Amino acid sequence: MKYAEEFRDPIAARAVLDKIQQVVDQIGATAEKPVHIMEICGGHTHAIFRYGLDKLTPAGIEFIHGPGCPVCVLPMSRVDECVELAERPEVIFTTFGDAMRVPGTRKSLLQAKAEGADIRMVYSPLDALEIARRNPDREVVFFGLGFETTTPSTALSIQQAAREGLENFTVFCNHITVPPPIKALLDDPHMVLDGFVGPGHVSMVIGIHPYDFIAEDYGKPLVVAGFEPLDLLQSVLMVLEQIRDGRAEIENQYSRVVPDDGNPVSIAAIADVYEERPTFEWRGLGEIDASGLRIRDTYAAFDAEVKFGIGYGADRRIVAEPEGCSCGAVMTGRMKPVQCEQFGKGCTPEMPLGALMVSSEGACAAYYQYGGARAAEPAE
Amino acid sequence: MKYAEEFRDPIAARAVLDKIQQVVDQIGATAEKPVHIMEICGGHTHAIFRYGLDKLTPAGIEFIHGPGCPVCVLPMSRVDECVELAERPEVIFTTFGDAMRVPGTRKSLLQAKAEGADIRMVYSPLDALEIARRNPDREVVFFGLGFETTTPSTALSIQQAAREGLENFTVFCNHITVPPPIKALLDDPHMVLDGFVGPGHVSMVIGIHPYDFIAEDYGKPLVVAGFEPLDLLQSVLMVLEQIRDGRAEIENQYSRVVPDDGNPVSIAAIADVYEERPTFEWRGLGEIDASGLRIRDTYAAFDAEVKFGIGYGADRRIVAEPEGCSCGAVMTGRMKPVQCEQFGKGCTPEMPLGALMVSSEGACAAYYQYGGARAAEPAE
Amino acid sequence: MCLGIPGQIIEITDEARMMAMAEVSGVKREVNVSCIATGPIGDVVGKWALIHVGFAMSEIDEDEAAKTLEALRGLGEAEETLEAMAAGDAALEGRA
Amino acid sequence: MCLGIPGQIIEITDEARMMAMAEVSGVKREVNVSCIATGPIGDVVGKWALIHVGFAMSEIDEDEAAKTLEALRGLGEAEETLEAMAAGDAALEGRA
Amino acid sequence: MRDQFVTLAHGGGGKAMRELIEEVFTSVFEPDLMEDQARLMDDALQEQGARLAFTTDSFVVDPVEFPGGDIGKIAVCGTVNDLAVGGARPLWLSAAFIIEEGTEIALLRRIVASMKAEADKAGVRIVTGDTKVVGRGSADKVFITTAGVGVIPAGRKLEAGLTHAGDVILVNGFLGDHGAAIMAARGDMALSTDLVSDCAGLGHLMEAVLAAAPDTRAARDATRGGVASVLNEIADTAGVSIEVEETDLPLRAEVRGVCEILGLDPLYLANEGTLVLVVPADQADAAIAAMKTLPEGANAKKIGTVGTGQAGRVTMRTLFGGARIVDMLVGEQLPRIC
Amino acid sequence: MRDQFVTLAHGGGGKAMRELIEEVFTSVFEPDLMEDQARLMDDALQEQGARLAFTTDSFVVDPVEFPGGDIGKIAVCGTVNDLAVGGARPLWLSAAFIIEEGTEIALLRRIVASMKAEADKAGVRIVTGDTKVVGRGSADKVFITTAGVGVIPAGRKLEAGLTHAGDVILVNGFLGDHGAAIMAARGDMALSTDLVSDCAGLGHLMEAVLAAAPDTRAARDATRGGVASVLNEIADTAGVSIEVEETDLPLRAEVRGVCEILGLDPLYLANEGTLVLVVPADQADAAIAAMKTLPEGANAKKIGTVGTGQAGRVTMRTLFGGARIVDMLVGEQLPRIC
Ligand code: SF4
Ligand code: SF4
Ligand SMILES: [Mg+2]
Ligand SMILES: [Mg+2]
Ligand SMILES: [Mg+2]
Ligand SMILES: [Mg+2]
Ligand SMILES: [Mg+2]
Ligand SMILES: [Mg+2]
Ligand SMILES: [Mg+2]
Ligand SMILES: [Mg+2]
Ligand SMILES: [Mg+2]
Ligand SMILES: [Mg+2]
């Protein structure tokens with residue numbers, strides 16, 4: 001697989017790992033006094049566990065798993081609204097598979113489907129568009145979920161629907177943006193962070209400059225990283241080198257995919273279709289200003305919130321997070337997943353209690369699935 | 001079973017049969033020179049074979065099986081129209097089970113159902129009404145089929161739908177009337193008939209006087225008969241006695257159910273909802289004047305022909321009967337079912353070619369199912 | 001055509017829609033009673049009617065039923081008499 | 001988040017809707033190429049792009065990929081040099 | 001198991017599936033082995049001349065729970081009966097479930113309990129199984145396929161082909177109860193009755209019959225197509241004629257009622273606990289007496305005789321003294337109004 | 001058979017059903033007996049110490065025909081394989097069909113032909129069966145449940161519990177072909193590939209393995225849940241740890257491609273012709289060599305080893321040198337985008 005396999009080469013990895021060890025030693029970080037690096041993106045969290053990078057990297061590096069899993073930070077009230085939409089008889093509710101198991105207060109989409117709602121997993125919003133074309137007598141709602149990476153796809157789909165004059169296609173918009181929660185985390189006095197590995201596919205859309213404030217205002221380094229294991233290791237090395245050198249810059253490790261200024265077509269499509277919400281709720285993090293997008297009035301015909309009078313537009317419910325859930329603490333790095341009292345007991349991937357156990361990108365799920373879980377079990 | 005079992009008493013039957021034999025002898029009828037009695041009604045045909053009355057009665061009686069099976073006489077074009085209606089995605093097509101296997105030119109309703117049409121068997125038009133109430137977003141069409149016996153049920157159902165203001169219930173009206181084809185048969189110069197056993201349940205609705213013309217104009221006796229075997233035997237006896245005595249009267253054997261003037265509520269409902277068609281096509285018999293009913297303009301909202309622009313109201317197709325079919329000859333008594341070259345070969349109850357093989361009330365099906373079929377098979 | 005079966009009306013279920021429960025050999029089904037409810041609807045309870053496609057089409061007349069049965073039994077008795085007479089004749093013949 | 005995978009655009013399938021066929025390890029899927037088709041749409045054929053949820057989101061820059069790999073290999077070579085030097089040192093030490 | 005309804009996750013091969021299988025199925029059936037196959041042996045099987053009997057049926061009844069039983073009970077009884085009517089001693093069953101997404105787990109538990117109870121009653125064990133989950137609308141709640149293995153002791157031979165003229169036809173009880181009960185339970189025709197399915201395992205009954213009437217020619221489970229189809233099959237296979245007496249047919253009043261209303265013939269109604277037996281005339285009384293000692297044979301009766309008429313022809317002497325042919329059913333019986 | 005599509009009449013127990021069964025099913029399978037049970041015996045079964053193996057699976061694949069096979073082929077292979085992996089010689093199958101109204105009869109004929117061909121190849125006979133027809137929308141075209149009976153020769157013992165540290169884990173070929181091919185064939189994700197299901201009967205392969213590696217501990221058919229589930233089951237049952245080498249996993253490029261696109265893990269993809277074997281280390285080469293003599297073992301490979309780590313734990317050494325736990329799948333694998 002071109003542009004992927006080359007970046008999985010274990011021989012090259014040895015060299016990077018040695019170099020990482022060297023820089024960690026230069027910094028003087030140890031297991032007791034580690035360097036804290038946050039990989040913002042759930043895709044990175046997943047890759048770290050998938051390839052065992054947590055075990056390969058020196059003990060002096062502590063990964064903090066960031067809030068970059070759109071499924072994990074989706075508030076329960078929004079899941080409930082999805083279920084409500086999906087249960088309308090006229091609605092075909094289309095979604096990425098990721099969202100199927102996320103618990104709402106009453107049920108997940110998977111359960112709603114089992115109970116009769118017409119819910120279809122798709123790979124692309126284009127597939128939802130096609131379902132709408134083929135079912136003119138039904139209302140096809142697409143669950144628009146994701147960060148800046150995914151936002152252009154729904155924006156372009158809405159533009160396409162508008163060009164075709166489709167009257168039965170809407171998007172239930174839950175798109176969120178990465179920089180605001182980072183700022184929120186950096187403003188959290190409990191947060192201890194030495195640097196960031198930035199989400200490469202977000203920057204592929206928005207470029208690297210939206211992170212400038214991290215270096216400029218907070219004096220922390222950030223390296224925009226690809227998703228192959230060598231990408232990640234190289235990015236970690238670049239972060240460590242900045243720390244060692246006392247620099248705080250926004251660097252681009254993933255230059256083969258990420259233009260510094262992002263993708264102009266995507267940026268234009270987002271700007272055309274979406275506008276900022278004043279505030280949006282993040283599961284485990286609460287309300288964050290200007291962190292969510294809504295569909296502009298010019299595209300109101302494609303806005304499920306408007307068409308079905310649901311969600312932020314209508315009477316908004318704030319749903320309390322489940323009791324005993326420590327997702328907030330884990331997401332801010334104050335707690336390891338295994339330290340949550342619910343971990344592996346009241347909260348498992350089969351029956352997730354908290355958001356971070358839902359997606360395989362969630363830190364708790366990754367810990368559970370790829371090793372952390374067993375570590376927490378009493379020895380047999 | 002009260003009012004039924006008493007009329008199945010084999011001891012009583014012996015006496016009636018003896019008396020029948022006696023009258024047949026008095027008339028001088030023999031197997032070679034039999035008395036021809038037409039049981040008009042398919043229900044009577046069915047009962048004759050079901051109870052083996054054909055074998056119990058003397059050889060001097062020859063039963064001619066009349067056109068009184070509404071399924072058998074349904075023209076192919078109407079079945080095609082049913083299929084066309086049923087195949088519309090918005091339509092739930094409801095029908096008595098009887099009509100399911102009747103072949104159209106392309107397929108039967110059973111086949112259309114297998115291929116995806118939403119076709120539901122009901123016991124009553126009231127059940128179709130209930131389906132309409134429960135499926136306000138679908139069009140529920142009821143296949144109105146049958147003689148005067150059944151006509152009041154659809155008339156009353158349409159009146160009920162009108163009272164409730166149901167907007168998704170229509171009847172595809174194929175109701176036909178008994179006297180016109182009898183007249184047509186009597187006018188057929190090939191027809192040899194000495195008397196009639198009249199359909200009791202038709203007279204339960206319309207009374208016995210609509211048959212007066214048979215006695216008055218054609219000089220033939222008719223006895224309105226019940227459906228239990230003793231009813232039938234007694235009616236046959238009554239016909240024979242009239243023949244012996246040279247009388248031609250309309251008598252009522254079935255007085256426990258049939259008032260001489262019929263049922264006023266039913267008659268009024270029919271008159272309110274339906275009007276005569278100038279002509280209607282009968283399978284095997286061709287067009288017969290004033291033999292079919294259509295829904296009056298006042299109830300046009302409940303008329304599937306109007307709502308869907310189909311059938312006699314629209315561009316009407318005459319569909320040729322299948323080749324080799326002798327249904328017409330059988331129905332006019334010119335041929336016995338077993339004499340049809342298709343009988344048991346190209347035409348079986350599994351794969352009926354002609355109308356009379358479709359319903360278990362059809363003369364050919366009754367022959368096939370209850371004994372005649374095997375008689376036609378080469379000895380093993 | 002026109003399968004019909006005697007059933008007894010056992011209770012009114014929906015007066016507005018003229019619906020009542022009918023029973024045939026222990027089997028119950030809701031039927032419309034418009035055709036037999038000439039007076040107050042409650043009067044049909046207990047009556048026997050000919051049931052066809054979910055409608056009570058005609059009230060069954062008990063007297064007429066009895067008369068028909070009587071006529072049928074009369075044939076049987078007449079026959080017995082004839083047989084008895086025939087037997088008597090035979091006896092007489094035999095005696096001859 | 002944001003699973004993306006490099007794929008090659010192999011043919012245009014629907015110019016009006018900006019759709020093209022992409023191939024990833026022999027697996028084909030129709031994708032939208034608006035984001036990478038800055039010039040005539042036909043130009044995207046043969047190009048590699050990062051595919052995400054059915055969209056070719058970003059053209060992959062071959063030179064940059066090579067540079068990154070070079071840097072990674074550089075580390076390896078540097079290490080070999082270091083190792084060689086260490087080995088040299090050890091040899092020297094051994095000799096001492 | 002915290003789930004209330006089956007989701008596709010329960011069919012995915014992972015933990016949810018394992019949990020469903022363990023908590024709902026194997027904890028009740030308790031197979032010996034946790035391999036995906038049962039490993040079995042029975043002494044009777046190793047006797048010279050013994051044979052193995054093997055049969056299967058899928059069960060798709062709607063509604064899945066009905067008066068007198070449920071799909072689980074039928075799935076056990078049906079296969080036990082198919083083994084028994086061949087002269088086999090039923091020993092082991094497999095049970096494969098196809099479950100519609102959205103099915104209540106409580107319903108599955110009831111079905112499984114009912115299978116277990118019925119298996120215990122029949123003296124068979126459910127030793128292996130399978131579950132599949134299909135999307136909503138791709139199945140109707142639950143379908144069960146059972147296969148059964150039993151041993152036919154040496155010397156036992158029951159075959160329709162052994163039927164010959166002079167034999168008599170017996171049944172173990174009322175006809176058509178299951179078919180009529182299901183039709184009413186389905187609700188499509190809006191009929192309500194107190195009828196109860198005859199659903200029952202007939203293994204013990206068969207053993208009693210074979211002990212009392214050792215020359216029994218053949219036995220058949222009169223399920224789909226009813227007694228009429230079974231009689232036609234026997235007559236065809238053996239090249240004999242069969243005559244049934246309408247007055248001898250054991251029919252409940254309510255079954256008659258359903259048939260009268262819908263224009264059906266009870267001879268074609270399905271049964272789930274009704275045997276048709278062919279026995280030599282001189283062993284008929286013994287067979288009937290033996291059946292009457294068991295509840296499932298309490299209404300055992302002779303209903304007809306085997307004759308030398310046209311081969312394959314089944315006739316019925318009607319209660320009226322007439323005769324009519326009782327042919328194989330064509331298609332399925334449809335309720336009719338005319 | 002003049003009908004082109006199955007109607008409810010074909011399930012009604014009458015002539016239409018008999019015609020369907022005779023023309024489409026029994027004319028191809030040719031059971032010995034026209035009774036509703038097979039009567040069987042095999043010499044091997046009467047040997048002292050021999051045991052009977054009995055297993056069942058329902059098959060519900062969508063689409064029913066796919067590159068590399070169809071539901072009929074899977075229904076035969078799956079049950080043959082479940083017998084074979086337990087050390088049994090597969091002998092007899094039952095086949096029960098649940099058919100949706102409206103299914104093309106030509107499709108049924110193709111499925112039946114494919115079952116017959118596969119049964120012949122595997123040396124098993126389809127000796128008994130059943131058909132049910134359900135209303136449109138109450139099934140998805142056709143579901144098949146097969147049960148299988150075989151003989152486990154005296155002395156043969158294959159059980160996951162026999163696995164112990166030092167043993168090695170083998171597979172007979174590429175992983176995930178079936179799952180990926182089906183996913184593509186289903187069309188929901190609009191992927192197109194040249195992938196072909198690995199669907200194959202593995203009875204002969206198992207015999208070859210057992211001849212070459214007589215101390216083989218256990219074998220499993222890695223169907224739903226994939227190789228990962230099978231390894232977890234073995235590790236759990238035997239109380240051992242298992243370590244798999246990612247670099248040793250035989251994966252086709254296209255399977256990798258499907259997994260990358262949809263975010264799936266090939267270790268959890270279903271297979272229909274893939275065995276996981278546990279053999280003593282010193283017989284591994286012999287087992288691999290034996291497999292390689294057969295087409296269904298041409299890509300046989302060692303993929304891991306059994307260790308003394310935490311009981312029940314399966315880990316994978318990643319191609320990167322890291323280690324990660326390979327747990328049981330949770331629920332089902334859903335395609336994901338993030
Ligand atoms: S274990 Fe569950 S509840 Fe606890 S922090 Fe993780 S996801 Fe939240
Ligand atoms: S056998 Fe068939 S074609 Fe001939 S008259 Fe009878 S119904 Fe018509
Ligand atoms: Mg570390
Ligand atoms: Mg006669
Ligand atoms: Mg069977
Ligand atoms: Mg059976
Ligand atoms: Mg299984
Ligand atoms: Mg359903
Ligand atoms: Mg199995
Ligand atoms: Mg299996
Ligand atoms: Mg069967
Ligand atoms: Mg379907």
Side-chain angles (χ1 to χ4, degrees), chain E residues 8-9 11-18 34-41 45-46 51-58 60 82-83 86 88 92 94-98 127-130 132 134 137-140 143 145 147 149 152 159-160 221 223-226 229 237 270 328-333, chain F residues 8-9 11-18 34-41 45-46 51-58 60 82-83 86 88 92 94-98 127-130 132 134 137-140 143 145 147 149 152 159-160 221 223-226 229 237 270 328-333:
Chain E
L8 289 175
K15 286 188 185 183
M17 181 176 103
R18 194 149 82 168
M34 279 318 206
E35 303 289 313
D36 201 15
Q37 63 169 215
R39 296 171 192 174
L40 309 160
M41 191 32 76
L45 198 55
Q46 299 211 312
R51 279 172 306 160
L52 199 111
F54 184 25
T55 188
T56 192
D57 270 321
S58 286
V60 297
D82 277 350
L83 289 172
W92 306 298
S94 65
F97 297 78
I98 296 172
V127 292
T128 189
D130 184 45
K132 292 288 178 326
V134 296
S138 287
D140 198 6
F143 299 150
T145 303
V149 173
I152 307 171
E159 267 172 40
D221 191 13
T223 55
R224 264 184 305 179
S229 300
T237 310
M328 283 282 286
L329 180 62
V330 171
E332 50 163 359
Q333 279 209 104
Chain F
L8 290 175
K15 286 187 184 182
M17 180 175 103
R18 193 148 85 167
M34 279 320 206
E35 302 290 313
D36 201 14
Q37 63 169 216
R39 297 173 191 172
L40 310 160
M41 192 33 74
L45 198 54
Q46 298 212 312
R51 279 173 306 160
L52 198 112
F54 184 25
T55 189
T56 192
D57 271 322
S58 285
V60 296
D82 277 350
L83 290 172
W92 306 297
S94 65
F97 297 79
I98 296 172
V127 292
T128 189
D130 185 45
K132 292 287 179 322
V134 296
S138 287
D140 197 6
F143 298 151
T145 303
V149 172
I152 307 172
E159 268 173 38
D221 192 12
T223 55
R224 266 184 304 180
S229 301
T237 310
M328 282 283 286
L329 181 62
V330 171
E332 51 163 357
Q333 280 208 104

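Just so we're clear, the structure is a prediction, and the values are computed from it rather than from any experiment. Labels below follow one simple rule: chain letters A, B, ... track the order of the sequence lines, proteins then strands, and each chain is numbered from 1. Computed from heavy atoms alone, side chains included, the values below leave out hydrogens, waters and symmetry copies.
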Pairing residues for Thr237(E) by the side-chain contact (heavy atoms from CB on, under 4.5 Å) criterion, not counting sequence neighbours: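 Counting only residues at least two positions away or on another chain, Thr237(E) forms a side-chain contact (heavy atoms from CB on, under 4.5 Å) with Ala160(E).
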
Partner set under side-chain contact (heavy atoms from CB on, under 4.5 Å) for Arg39(F), not counting sequence neighbours: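 Per chain and number, Arg39(F) pairs via side-chain contact (heavy atoms from CB on, under 4.5 Å) with Arg51(E), Ile152(E), Glu159(E), Leu33(F), Glu35(F), Gln37(F).
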
Can you give me the closest heavy-atom contact between [X] and [Y], atom names plus distance?
X	Y	answer
Thr128(E)	Thr55(F)	CG2-CA, 3.7 Å
Leu329(F)	Gly12(E)	CD2-O, 3.5 Å
Phe54(E)	Trp92(F)	CE2-O, 3.8 Å
Leu45(E)	Gln46(F)	O-NE2, 3.2 Å
Ser229(E)	Gly13(F)	OG-O, 3.4 Å
Ser58(E)	Asp130(F)	N-OD2, 2.7 Å

Validation row: Val149(E), Val149(F) side chains within 4.5 angstrom (heavy atoms):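 In short, these two side chains touch, coming nearer than 4.5 Å.
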
Heavy-atom side-chain contact between Leu52(E) and Leu52(F) under 4.5 Å: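 Side-chain contact under 4.5 Å: yes.
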
Among Ala16(F), Gly226(F), Ala270(F), Gly11(F), residue most engaged with chain E (heavy-atom pairs, under 4.5 Å):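 Option with the top pair count is Gly11(F).
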
Heavy-atom pair count under 4.5 Å with chain E, highest-scoring of Ala88(F), Ala147(F), Ala53(F), Ser94(F):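 The candidate making the most pairs under 4.5 Å is Ser94(F).
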
Segment of Ala95(E) engaging chain F (4.5 angstrom heavy-atom cut-off):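 Interface part for Ala95(E): backbone (N, CA, C, O).
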
Straight-line distance of Ile98(F) CD1 to Thr145(E) OG1, nearest 0.5 Å: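 Reported to 0.5 Å precision, the distance equals 4.5 Å.
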
Closest-packed option against chain F by number of heavy-atom pairs under 4.5 Å, given Val134(E), Val330(E), Asp221(E):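 That would be Val134(E).
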
Geometric class of the Phe143(E)/Phe143(F) ring pair [parallel <30°, tilted 30-60°, perpendicular >60°]: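 Ring orientation of Phe143(F) relative to Phe143(E): tilted.
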
